[in-house]
Each structure stands twice: as structure tokens, then as C-alpha cells.
Amino acid sequence: MDVGGLAQSEPNREENLLSEIAVIGAGYVGLVTSACLAKLGHQVVCLEIHPERLAQLRAGRVPIHEPGLAPLITAHFATGRLRFTDDYADAIPKSEFIFIAVNTPPTGDGRADTGFVFRAVESLIPHLRRDAVVITKSTVPVGTGDRIAEALTRGGAQASVVSNPEFLREGSAVADFFSPDRIVVGADDHEAAQRVLRLFENVVARESLVVNRRSAELAKYAANAFLATRISFMNEVAEICDASGADVEEVARIMGSDRRIGPSFLKAGLGWGGSCFPKDVQALAASAADFGQTAGILRAVYGTNHRQRVKAVEMIQRHLPINGEGVVGVLGLAFKPDTDDIRESPGIAMVSRLAASGVTVRAHDPVAMERAAECVPVGALMADPYTVARGADVLVVATEWPEYLEMDWARVRREMATPVVFDGRNALDREYLQALGFVYLSFGRSPRGEGPWGAHPAARLSPELVRAG
Ligand code: UDX
Ligand code: UDX
């Protein structure tokens with residue numbers, strides 16, 4: 001696995017570059033951070049409280065699908081530079097740097113729940129070295145670092161608190177770690193900031209930014225929310241395309257050729273899922289409200305995204321032989337390709353909505369089947385995508401896995417009861433599928449006036465569905 005920007009020589013082994021590091025939380029972020037810091041030559045202990053996950057790691061098994069991660073963990077588990085524990089008294093006393101990478105899930109009102117963060121802080125206080133630096137890797141609301149510093153002081157600890165937000169994308173997290181656009185260190189203590197920057201001495205970043213801690217905390221949310229905004233904006237443009245006969249892919253290509261806009265994150269479709277965008281857009285809006293701001297754009301961005309999966313189900317139901325009944329196949333349950341993460345996945349949400357409406361649903365995913373089995377109807381998961389297509393009235397591509405794009409679509413056409421495909425990611429070859437006789441549905445690519453909403457407002461979303469959204 002090419003780890004991108006890592007300096008080609010082995011890590012610089014000068015003593016002052018190698019550190020004792022603890023990482024709290026062995027999730028998608030904590031595990032990647034631990035393995036990559038070990039690859040840089042540091043001595044890393046990763047603390048995980050979930051017994052099953054800890055047992056898997058100690059048995060040399062990697063509990064998540066992330067390209068390039070397993071070989072790193074195996075290699076550094078073997079060199080002894082990476083080990084796992086659930087004991088703070090074991091992990092903290094020798095550690096100069098402690099990364100907090102526990103989850104910060106949304107509470108009912110959209111705020112980020114920092115309960116796990118502060119539980120970790122309270123647990124590490126009794127064991128902290130006097131020169132320790134506590135580093136928040138998890139995405140935390142602006143001002144959390146101040147509250148952590150207050151908790152440390154109350155506990156009699158001297159440690160500095162630094163924000164080091166991650167910008168890793170699932171599916172390319174290891175490569176992103178070693179080839180980041182920027183390394184961000186937010187600290188009010190300049191010396192601590194420099195010590196943290198030195199941990200990444202061997203990483204080739206386009207730039208390193210040392211800023212105040214609150215700026216680093218807020219910038220993480222703002223960056224994610226901006227990327228999410230681009231996507232919701234394109235989904236709004238896609239609606240206008242469907243009503244007017246423009247093609248959102250062509251519009252996006254024209255927009256993206258402007259260097260000020262750039263071509264990425266302009267893809268209309270089922271919208272964003274995952275453990276970050278949905279959580280971070282809500283949390284930033286809630287933070288804004290806490291500071292007395294309205295955050296109207298953020299609320300609209302979230303609403304538009306959520307409606308995509310509702311509109312998709314509505315569109316599919318309009319194409320079933322008997323409205324509301326029939327067989328629908330859903331290809332892709334992970335929230336994006338190259339991950340097994342199904343959190344907030346549009347594919348999962350559609351399976352649930354369609355099944356709840358009485359439709360017979362079949363589904364498949366190349367790597368997320370085990371995680372999906374816990375939240376799709378019994379018997380819905382099929383061993384391969386062609387079995388999902390067999391007898392289906394509509395086939396949905398909800399996640400643009402390469403294996404779906406490369407399927408034998410002539411065979412798919414023969415397997416289906418009626419040749420209707422919903423391309424949830426605008427990733428299929430529309431002209432080719434239409435030449436095979438498929439009815440091609442998507443967001444933003446319908447022929448003039450034949451969009452899912454037709455030319456007449458009356459064909460728009462049924463009020464009940466929007467309210468159910
Ligand atoms: C998390 C946050 O959700 C994200 O906002 C942040 O950017 C990085 O950390 P992720 O790694 O996906 O992202 O979370 P998750 O996959 O849920 O992993 C968290 C891990 O921490 C879990 O394995 C959990 O068991 C563990 N954990 C949680 C602890 O070890 N101790 C705790 O007190 C709480
Ligand atoms: C995101 C940020 O990219 C990353 O920097 C941050 O650290 C964590 O959150 P991630 O959620 O792993 O990373 O995946 P990403 O590739 O950003 O995709 C997020 C969602 O947006 C996915 O559901 C994807 O399907 C969707 N997406 C992405 C679109 O719908 N259209 C696009 O053009 C791009």
C-alpha cells in the first residue's frame with residue numbers, strides 16, 4: 001500500500017522524534033491514528049473499552065474495513081510499537097502525548113455528546129505525566145478544549161490541551177494521514193503546539209497550521225459542513241435540472257472547471273451519510289444556536305440532504321407495477337465505497353423505508369453485509385448483486401461500488417421483472433442503460449420535463465412523506 005506522502009526513507013530515528021503515545025478509542029479514527037503513528041516510529045498504546053473490539057485487536061484481527069490499515073496494524077503489532085489495552089493505569093503513565101479519539105455522537109437535539117470525551121479525561125487524570133499533552137482528535141464543539149483544561153486543573157493535573165482535528169476520509173484514511181492537505185494544531189500554549197507538530201515530522205503535508213485552540217475546533221466542523229453544503233447545493237440544482245431538462249452532471253462539470261469552485265464534492269444523488277457529515281452539520285448548527293445564531297444555511301443543508309432519501313423512495317414507488325407493492329433491489333449498504341461503515345447510510349435508510357411501506361426488498365454490499373445484517377429485514381441480504389436483480393421491478397444503486405458499475409447490465413436486464421434502474425450516485429452510463437431498454441431514474445439527469453417530479457407541481461412530494469421524513 002503506497003502511503004503517499006510519507007518520507008521515502010525510514011522514519012527519522014533521532015530520539016527526540018520518537019515519543020510514547022496513547023490513543024484513546026480504537027474506532028475508525030483512533031485505529032488509523034494509532035497504526036499510522038506507529039508507522040512513523042512512535043511507541044503507541046491504543047486504549048479501547050469495548051471488550052469485543054479489544055479482544056479482536058489483541059488477537060491480531062482488525063474490526064473495520066479500511067484499505068491499508070490491517071497490514072499496518074499487523075506489522076506494528078509484531079514490532080511491538082503498537083499494543084492494545086483497556087487499562088488507563090497501563091496506557092497513560094508513560095505517555096507524553098494522549099490522543100482522545102472517542103466518538104462524539106449526536107444527542108436528540110443534534111448537539112455533539114462529549115460525554116465519552118470527558119469520561120476519558122477523568123479516567124486519565126490520575127495517571128498523567130507532568131509534561132503530558134492531551135490532544136483532542138475527536139471532533140468536539142468549539143470551547144471543549146477549554147473545558148478539558150478546566151477539568152484537568154480541577155483534578156490537579158498540569159497537562160497542556162491541544163486540538164489536532166483529523167480530516168481523514170473513510171476508505172482512504174491511511175493515505176490521507178500520510179498525505180494531508182494540512183496538519184492543524186490548535187493550542188494556546190505555543191511550546192505544546194510545537195511538540196505536537198514534531199510528532200508528524202516525517203509526514204509531508206502541504207502546510208502546517210498552528211492556530212488558537214478554538215479556531216482548530218471550529219474549523220473542523222466548518223470544513224465538513226462546507227463540503228456537505230456543496231453536495232446539498234448540487235441536489236437543489238439537480239431538482240431544477242429535473243424540472244427543466246438540464247443535466248446536473250454537465251452543470252457540475254461546468255461549475256467545477258472554475259478553479260475557485262473545483263470539481264470535487266459536486267456530485268448530486270442520495271446525499272451524504274457516514275458518522276461525520278450528518279453529525280457535524282447538526283452539531284455546528286446546534287453550536288451556532290448556543291451562541292444565539294440562526295445557522296439558516298446549515299439547517300437547510302441538513303434538510304435538503306435528508307429529503308433525498310425520502311424523494312428517492314417516492315420516485316421508486318411511482319415506478320412499481322402496483323403503487324407501493326413490488327420487489328426492489330438495493331445495491332450498496334455502506335455509506336460510500338471502500339468502507340464497511342453503514343452509519344447514516346442512504347442505502348440502509350432506503351431499505352428500511354421501502355420495507356416499511358410493504359415493498360419486498362433485497363439488498364447486497366461487497367463488504368458491509370455483516371454490519372447491515374443487524375438492521376435490514378431478515379432474508380433481505382443476497383449473496384450477489386445478480387440475485388438482488390432477479391425478479392426486481394426496480395434496481396437501486398445506492399453506493400457506487402466499482403463492482404456494480406462493472407456488472408453485466410444486459411444480464412441484469414434479463415434478470416429483472418421490469419427494467420427500471422435508480423442510479424442513486426449518477427455513476428452509471430445512462431445512455432448505455434437506456435440503449436439496453438432500461439428506464440433510467442436519477443436526481444438531475446431526467447430528459448426535459450420527464451423528471452421524477454414531472455412538469456407539474458402536483459407530482460411533487462406527497463405531504464405525508466415529507467412529514468414522515
Ligand atoms: C470518532 C468521532 O465520531 C468523530 O467525530 C471523530 O472525528 C473521531 O472519533 P469514529 O472513530 O468513527 O469517530 O468513532 P467510533 O468508530 O465510534 O470509535 C470510537 C471508539 O472509541 C469505539 O471503539 C469505542 O468503543 C471507543 N471508546 C469510546 C473508548 O474506548 N472509550 C470511551 O470512553 C468511549
Ligand atoms: C468526511 C470528510 O471528507 C473528511 O475530511 C472528514 O474527516 C470526515 O468526513 P467521509 O465522511 O469519510 O469524510 O467521506 P466523504 O468522502 O467525505 O463522503 C461523505 C459523504 O458524502 C458520503 O456519503 C458520500 O457518498 C457523499 N458525497 C461525497 C456525495 O454525495 N457527493 C459528493 O460529491 C461527494
Are the side chains of [X] and [Y] in touch, meaning some heavy atoms are under 4.5 Å apart?
X: P377; Y: V351; result: yes
X: E66; Y: L31; result: no
X: T136; Y: F99; result: no
X: N305; Y: F277; result: no
X: E403; Y: P385; result: yes
X: F167; Y: V184; result: yes
X: L199; Y: L40; result: no
X: I148; Y: V140; result: no

Distance in Å, [X] [atom1] paired with [Y] [atom2], rounded so as to fall on 0.5 Å steps:
X: F226; Y: F233; atom1: CZ; atom2: CZ; result: 10.5 Å
X: F335; Y: E344; atom1: CZ; atom2: CD; result: 10.5 Å
X: R309; Y: L354; atom1: CZ; atom2: CG; result: 12.5 Å
X: N426; Y: D247; atom1: CG; atom2: CG; result: 8.0 Å
X: I64; Y: L57; atom1: CD1; atom2: CG; result: 9.0 Å
X: T104; Y: D113; atom1: OG1; atom2: CG; result: 8.0 Å

Candidate pair L72 and C36, rule side chain to side chain contact (heavy atoms under 4.5 Å, CB included), full reasoning: CA-CA 7 Å; L72 273 189; C36 294; 3.9 Å; yes
Step-by-step salt bridge (charged side-chain N to carboxylate O under 4.0 Å, His left out) determination, E415 to R411: CA-CA 6 Å; E415 295 278 4; R411 177 183 167 193; 3.5 Å; yes
Intermediate values then yes/no, salt bridge (charged side-chain N to carboxylate O under 4.0 Å, His left out), R111 and D290: CA-CA 10 Å; R111 283 178 175 71; D290 289 344; 2.4 Å; yes
Salt bridge or not between [X] and [Y]? Use side-chain N to carboxylate O under 4.0 Å.
X: E249; Y: R253; value: no
X: R214; Y: D146; value: yes
X: E207; Y: R182; value: no
X: E400; Y: K336; value: no
X: R307; Y: E239; value: no

Test log, rule side chain to side chain contact (heavy atoms under 4.5 Å, CB included), inputs R147 and T114: CA-CA 11 Å; R147 290 171 48 218; T114 54; 3.9 Å; yes
Minimum-distance pair of heavy atoms, taken over all atoms of [X] and [Y]:
X: A252; Y: M234; value: CB-CE, 3.8 Å
X: G25; Y: E48; value: C-OE1, 3.9 Å
X: L270; Y: Q308; value: O-CB, 3.5 Å
X: D365; Y: L333; value: OD2-N, 2.8 Å
X: V420; Y: D393; value: CB-O, 3.5 Å
X: S232; Y: W272; value: OG-NE1, 3.7 Å

Would you check if the side chain of [X] reaches a backbone N or O of [Y] as a donor-acceptor pair within less than 3.5 Å?
X: R362; Y: M382; result: no
X: D423; Y: L441; result: no
X: T399; Y: W401; result: no
X: R413; Y: L433; result: no
X: S287; Y: P141; result: no
X: R425; Y: G271; result: yes
X: T304; Y: V301; result: no
X: D280; Y: N224; result: no

Is it true that, when you exclude [X] itself, more than 12 heavy atoms of the residues, nucleotides or ligands shown sit nearer than 6.0 Å to its [atom1]?
X: E370; atom1: CD; result: no
X: E406; atom1: CD; result: yes
X: I297; atom1: CD1; result: no

F443 six-ring centre to K311 NZ/CZ under 6.0 Å and within 45° of normal: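 Yes, K311 lies over the aromatic ring of F443.
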Whether W409 and F438 hold their rings parallel, tilted or perpendicular, with breakpoints at 30° and 60°: perpendicular
Side-chain donor-acceptor pair present, D340, Y28, cut-off under 3.5 Å: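 There is such a pair between these side chains.
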Donor + acceptor pair across side chains of S357, Q317 (<3.5 Å): yes
Side chain to side chain contact (heavy atoms under 4.5 Å, CB included) between Y386 and D408, intermediate numbers included: CA-CA 9 Å; Y386 293 102; D408 173 353; 3.4 Å; yes
From CA spacing to verdict: side chain to side chain contact (heavy atoms under 4.5 Å, CB included), I231, K267: CA-CA 6 Å; I231 297 162; K267 204 83 171 152; over 6 Å; no
